[in-house]
Structures are given as C-alpha cells and as structure tokens.
Number of protein chains: 2
Amino acid sequence: MTTIKDIAAKTNLSISTVSIVLNNRASRIPKSTRDIVINAAKELNYRPNQLAVGLVTKRTKTLGLIVPDIRNNFFSSLAKGIEDEARNNGWTVLLCNSNDSHKRDLEYIKMLEGKGVDGILYSMSSDSNLKNFKEKYSLIKNFDIKFLMIDRYLDFPATFPKINVVSLDHFKGGYLAAKHLIDLGHKKIACVTGPQYLSESNDRLRGYKQALDDGSIEYDEELIVEGNYHIESGVSAVNKLIEKDFTAIFAFNDMMAYGVLKGLKTYNLSIPHDISVIGYDDIYLSEILEVPLTTIHQPIEVMGRGAAKHFINIIDSKEEFLDNLPLYSPELIVRKSTSKPNKRLLNKRTQVI
Amino acid sequence: MTTIKDIAAKTNLSISTVSIVLNNRASRIPKSTRDIVINAAKELNYRPNQLAVGLVTKRTKTLGLIVPDIRNNFFSSLAKGIEDEARNNGWTVLLCNSNDSHKRDLEYIKMLEGKGVDGILYSMSSDSNLKNFKEKYSLIKNFDIKFLMIDRYLDFPATFPKINVVSLDHFKGGYLAAKHLIDLGHKKIACVTGPQYLSESNDRLRGYKQALDDGSIEYDEELIVEGNYHIESGVSAVNKLIEKDFTAIFAFNDMMAYGVLKGLKTYNLSIPHDISVIGYDDIYLSEILEVPLTTIHQPIEVMGRGAAKHFINIIDSKEEFLDNLPLYSPELIVRKSTSKPNKRLLNKRTQVI
DNA sequence: TTGAAAGCGATACCAC
DNA sequence: GTGGTATCGCTTTCAA
C-alpha cells in the first residue's frame, strides 16, 4: 500500500505539502509542484487510508443503515436507493438487520458508533414503542451521531425533540386506497393494519377514515384487524374477518395482501368477484400475480435516494436540521384485484359459513 | 467519547496496562488491577474506536459485500444470511450494488480497500467475463484483501489460480429439475438458461443433460434459449420457443419462470395442462402464485451464513484457503405447475400456431 | 507487573 | 509556498 509518505519521498516534498495538494487546499501551491504531486500519486496508485483520515477528521463518509429485514422488498428497494445515492457522493453504507428487535437496534447503534459512522439511517423495528425508542434516541444523541428516520417512525408526542424524518405521505395513501374502493361502491371495507404504534400505519388508517367520512360511511371498528406486515398476518386476518360483513379488504402492505389473497382462497372466495383486495407498497411482484394486485405505489427507491441526499446534506452542513425535508407522494395503481361489490354473493357467503 | 486515556487517568494506570487488560492479553496482570480497569471501562461506557484499532492492527472486522442488485430476492436473502452471521461474530458488512457492471465492481473494490475491509464477498456481475474478471482479481490480490466468491462465478480455466468459492450444487439442481420432468413422462424439455458464461447456469445445463442422458433422451439444442435471469427474458423465451415442439419448460430461475408463465398465457396455454413449467430459486412468491410453481429450492440464507462463517475463519486463520469449503444442496419442491405431458394438446397447439 | 515511547497514515496549525 | 510537528486513539515492543 502506498502512503502519503511514499509520495513525499518520491517527490522530495514534505508530507504536509502532499497532503495539501491531494486535498485540494492547494490555492497557494503553484501548479508546477501540484502536478508533480498528482502525477506521483497516480503513478504510485495512491489511495488514502480512510481509517487514518477518519481518525483525524472525525468523518468517515460512512452511513449506518438499520432496517428490520433486508429480505423485505420494501427495505431492499430502500437500501438500493440509499446506497446508490451514497455511492454517487463517495459515501458508503453499513448494512444492519434489526430483525425487528429493539435490543438489536441498540447493539447496532453502539457498534456503528465504534465504527465511526457519521450518521445512522433508521427504519424502526416493529417492536419499538415510545419508551424503548427514547432509549435508542438518547444513545444516539449521546454519541453525537446524526440521525434520520425513514418512513417508519412513531407518533411522537408534541413534547418530543424534533427529529429528521423522511417519509411517504401515508395519510394520502390510506385515503387513496379507501377512496378507490368507495368509488367502486364498497361500503364495508375491512382493514388489515400495521402495528398500531407505528405512525405510518396510523396515518393510513386516518386517511381511510377520512375517505369514509367524505363518503358518509360510518367507521366500523369491527372491520379493523391489526397485522404485522408479514404475509402470515394477512392469512390470519382473513380468518378473523371471515364471519364479518364486508366486501373489500384494504391491506396495509402488499405482503399482507398476498396473505389475504391466500386466505381468501381457502374459503373459495374469488377476487375481485367476491371480495376486492387492495394492497400497499406496489412490490414488483404484485404486478405478476394471478390477479394483479391493485395497490398503492410508493416511490421507495426514489425516497431512499432522497433520504440519503438530504442526510448527507445535513451531515455536511453540520446543521441538525435542514429545510425541504422531502415528503413523497404515493399513487393509486389500479389493477385487477378490485371491482364493484357483489352483493348477492356476499350474502351467500355469510349464510354459508 | 471516552477513550483508553480516560480510563488510564481515572485508574491511575498507564495506557498500556489498560490496553492489555481490555484486550485480554492480561495473563500477567493480577486480577485486582484487571477488575479496576474493567470496572472503570464499564463505568465510563468505554467502546474502542475501531478506526484507531484498525489503523494499527490492519484489521477492521469489516466485510465488503458486492452483489449485482440487493432488490433481487436472491441477493437480499444472501445478504441477510451473511450479515446475520457476521454480526454474530462481531463483524460488520458494507453493502455494494454493482448493478451488474464490471466498472462498478472495480470502483467498489478500490473503495473497499480504502475503507480497510478485511475481505470481499463477491457475487459476480453478469457482464463479467474471464478477461475483465482477471482485472478485478489482480486488483484484489494486489491489495492483499481476502476474497471469496459466492455462487455466481465463472468457469475458470484450469490454469487459473485457486479461488474460494461457496456455492450451491447447481449441477444437482439442474439434474433434479430435469429428472422430475422426465419422470413425469416429458421428453421434449425446453430450457431458459442464464447468461452463458456464468458457471452456475452451465452447471444446471450440465445437470439437465445428464438427466436426459440417464433417461436416454436425446439432447436438442433447438430447445435451449439463453435468458438473463430477468422476468422479461422468460417472456421472450416463450416467443422464441413457441413454434418448437416441447411439453415442458425448465427456467433457470423463478423470475424467468414467471415470465414464462406470463408468456404462455398470451398463447392461451394453460399450466400444467398444456405445458409444465419448473423454476429455480423458490422465491417466497412462487408458493402463492395462481399456479404454485414447482421449483428448485435453494438454501440461500443458510449459504450466506455458511459463506460468512467460512470466510471469517479464513481471515482469522490467515490462510489463503481452508478445507471444507461448503457446497449446498438444492432440493426439488413439487407444486402445481408440472404434470404429465399432454400429447394431444401439444399437437393441436403446434398446428394452430 | 507496569509504563514509556514508537508508530499506524493521515490532517492541520504554525513557523520559516 | 513549503515544511516541521503535534495529534487522532489505539497496539505493541521494550525497559524498568
């Protein structure tokens, strides 16, 4: 490995001069010596040792990314966007899978601090609540590491310190989904929500309620089932709902919608003829399902890019917060899993079961 | 941030002593002082600065992971396994997406070297060939970074230096898939392969040929179409094959199998009645498709774990190679997309089109 | 059993 | 304009 020292030796200049040139603080250095240094660096194939740089500058151009599970397409798309943008700016990303565990979040935060990351991008583990979130938060503040939450966060009380959050407009997403079903004529719309303390889930639910309200439909708590964003909870939601009176299901993510599809199948219900199903996320697989899933598309990768960009700006600016925090808009994608309600069949079903 | 110096100050011991204790080279240090140090460390919430450690030890306990695209479920499962195992051993993973570009592979390798990673886990970008692979390889060797390839690699000529490769037994996978179809009675089995220079694809093809051979079926090159592992190439493969005489299609990954399904649909062919389809990968979605896909399951995450484990062992041992290089066995998962061939319909189809 | 000092590879301040 | 030197936080001889 060639070091700055080697260049100094080769060029008969001091390491200070070499360092200055290589970092472009070379205003006062004449072009002639500059060229000498640069050529020598090129010739010796010099690449700075980032450990050494980080040690003295306290900056590593490294981001820690904590997501619940990278196998989830949502997070892998997010990670892709983040990593792409980071790389374009010469930054690097450490991948962490929390497995939705608060305890592991904590471990990762400590580990990332040890590695000297400049910032942590955090997507909340689903067993987070306000209490244990405070624990993480104070740890991070303690470390003086910049912090940005992506999409999954809590409904923070008004007293809570300001936090950087880059997110999708889930209220709008929830509204769009419910509105679509209502426009088709549905009045009994079941929901499979996310974990109740996640703000995104609550936002979607608020959007759903707003749409009901706008359509003069009464909100029926009986039709709301809490899920956990995994496919199985879509299946079990169907089992819980099956005896209730409904013509459509709004699953708060596509994975659960797949589960709903699967569950409905076990009752010999066909989609959308018997039941309309709408998802949320627009995972790329949703398009190629048997019944292509109507869903809410989210510009996940774009958001990842935007979040990384914004975060890097924050870190570079040394501010705690920057204006223009991006908020990304979801979009309704109508495919084949939703249609007008079928009243007759609904009655038949409720009688039969 | 508390440093080793703070501990030294607090305990009235020297930095050296503190360092020795904290690194468990403490044989000669009496338990009494040891406890003092350890308690002080705990009290001050000490965590070593890994940049400093790395700078002197030349070891960072950091792995670089280069995959084509983390959004691909195969790679996200792989990454999950690797990261899990790494973390369990106190290691950390830098995520890199090559976008299947050799040029980016090169950039990443340089960047990772700068970051001081101890090893690079590499899954080949699909525009790799022997020539440009050599370029990467010599770069890495130059850097004296340990190197392990996962699953995607080339058919190296015998003269090529030995390389660490952790992989699935794709020959077996190809064999299992073809054998299954042959056992059902198929004799005209089309293939949609992966890129031809990837050894995994060739291995599957060899397995397929072996199965044909064992079943005394002649190999027909006309039935082999090269794909690129993306869904669209499954669709276009169908278009290329449609006038040929075949009763089954073996797609070399599930994504292409989805494409095949989609393509077959456009010809009004039903699965498995008209054509049997078998995939490869067993993506979680394959189970919940309209026609659940018969496929070859691969223990991807397990392989990721095993690869990380093996690699860490190599790095720790300071050997170039270790025995017991793992080879993981794929497994046939029979679902609904394969059945006995339907001769009559086949004839009808070839006449009609 | 403990401590002093050198050194890892870079930056940055302050002289010259 | 250029160079000397302290420093970042830690490990590692080598003395004491």
Side-chain angles (χ1 to χ4, degrees), chain A residues 1-38 40-41 44-62 90 110-111 113-118 143-144, chain B residues 1-38 40-41 44-62 90 110-111 113-118 143-144:
Chain A
M1 226 195 81
T2 122
T3 74
I4 206 174
K5 233 185 218 165
D6 301 327
I7 300 180
K10 185 178 167 114
T11 58
N12 279 322
L13 288 163
S14 73
I15 53 171
S16 328
T17 308
V18 174
S19 173
I20 289 171
V21 171
L22 259 23
N23 286 291
N24 261 328
R25 307 205 200 307
S27 45
R28 56 267 187 85
I29 309 275
K31 186 159 187 330
S32 54
T33 53
R34 232 154 74 199
D35 286 346
I36 294 175
V37 171
I38 289 169
L44 295 176
N45 218 338
Y46 171 74
R47 220 159 306 107
N49 179 326
Q50 300 298 344
L51 296 174
V53 174
L55 186 56
V56 21
T57 60
K58 308 286 175 214
R59 298 275 264 84
T60 53
K61 288 193 143 203
T62 301
K110 290 175 189 164
M111 187 208 77
E113 191 253 352
K115 296 278 176 182
V117 299
D118 295 329
F143 289 157
D144 192 36
Chain B
M1 224 194 82
T2 122
T3 74
I4 207 174
K5 232 186 219 163
D6 300 328
I7 300 180
K10 184 176 168 115
T11 57
N12 278 322
L13 289 164
S14 76
I15 305 187
S16 333
T17 308
V18 173
S19 172
I20 289 171
V21 171
L22 260 22
N23 286 293
N24 261 329
R25 308 205 197 309
S27 46
R28 58 266 188 87
I29 308 277
K31 184 156 187 336
S32 54
T33 51
R34 232 154 77 199
D35 286 347
I36 294 174
V37 171
I38 289 170
L44 295 176
N45 217 338
Y46 172 73
R47 220 159 308 104
N49 179 328
Q50 300 298 343
L51 296 173
V53 174
L55 186 56
V56 21
T57 61
K58 307 287 176 216
R59 298 275 263 86
T60 53
K61 289 192 142 204
T62 301
K110 289 176 189 165
M111 187 207 77
E113 191 253 352
K115 296 278 175 181
V117 300
D118 296 329
F143 289 157
D144 192 36

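Because only heavy atoms are used, hydrogens play no part in the values below, and waters and symmetry mates are left out as well, while side chains stay in. Within every chain, numbering begins at 1; the chains are lettered A, B, ... in the order of the sequence lines, protein sequences first and strands thereafter.
The distance between atom CD1 of A:Ile20 and atom P of D:dG1, rounded to the nearest whole Å, is 12 Å. The separation between B:Lys61 atom NZ and D:dT11 atom P is 13 Å, rounded to whole Å. The CD1 atom of B:Ile7 sits 13 Å away from the P atom of D:dG9 (whole-angstrom rounding). Look at CG on B:Leu22: it is 15 Å from C1' on D:dT12, rounded to the nearest Å. What separates CD1 of A:Ile36 from P of D:dT2 is a distance of 9 Å, to the nearest Å. If you measure from atom NZ of A:Lys31 to atom P of D:dT2, you get 14 Å, rounded to the nearest angstrom. A:Lys115 places its NZ atom 14 Å from the P atom of D:dC10, with the value rounded to the nearest Å.
B:Thr57 comes within 4.0 angstrom of sugar-phosphate atoms only, judged by non-hydrogen atoms across all strands, and of no base. Using a 4.0 Å heavy-atom criterion, one finds that B:Leu13 contacts the sugar-phosphate atoms exclusively. Counting non-hydrogen atoms under 4.0 angstrom, B:Thr3 reaches the backbone sugars and phosphates but no base.
Contact between the side-chain N/O atoms of B:Ser19 and the OP1/OP2 oxygens of D:dC10 is not found at any separation under 4.0 Å. Under 4.0 angstrom from either OP1 or OP2 of C:dG9 there lies at least one side-chain N or O belonging to B:Lys58.
When each of A:Ile7, A:Val37, A:Ile20, A:Val21 is checked for a side-chain contact (heavy atoms from CB on, under 4.5 Å) with A:Leu13, only A:Val37 meets the rule. Here the rule is side chain to side chain donor-acceptor pair (under 3.5 Å) with B:Ser14, and of B:Thr17, B:Asn12, B:Thr11 only B:Thr17 fits it.
In terms of heavy atoms, B:Gly116 sits closest to B:Thr60 at O-OG1, 2.7 Å.
Here B:Asp6 does not pair with B:Lys10 in a salt bridge; the nearest charged N to carboxylate O distance is not below 4.0 Å.
Which of D:dT11, C:dG9, D:dT2 sits closest to the side chain of B:Asn23 comes down to D:dT11. Distance from the side chain of B:Asn49 is smallest to D:dC10 among C:dC8, C:dG3, D:dC10. Picking from D:dC10, C:dA10, D:dG4 the nucleotide with the shortest atom distance to the side chain of A:Ile4 gives C:dA10. Picking from D:dC10, C:dA10, D:dT11 the nucleotide with the shortest atom distance to the side chain of A:Tyr46 gives C:dA10.
Between A:Ser16 and A:Lys5, the residue whose closest nucleotide on DNA chain C is further toward the 5' end is A:Lys5. In terms of position on DNA chain C, the residue among B:Leu55 and B:Ile15 whose nearest nucleotide sits closer to the 5' end is B:Ile15. With the nearest nucleotide of DNA chain D identified for both B:Gln50 and A:Asn12, A:Asn12 has the one nearer the 5' end.
Put simply, CG on A:Asn49 and NZ on B:Lys115 are 10.5 Å apart, with the number rounded to the nearest 0.5 Å.
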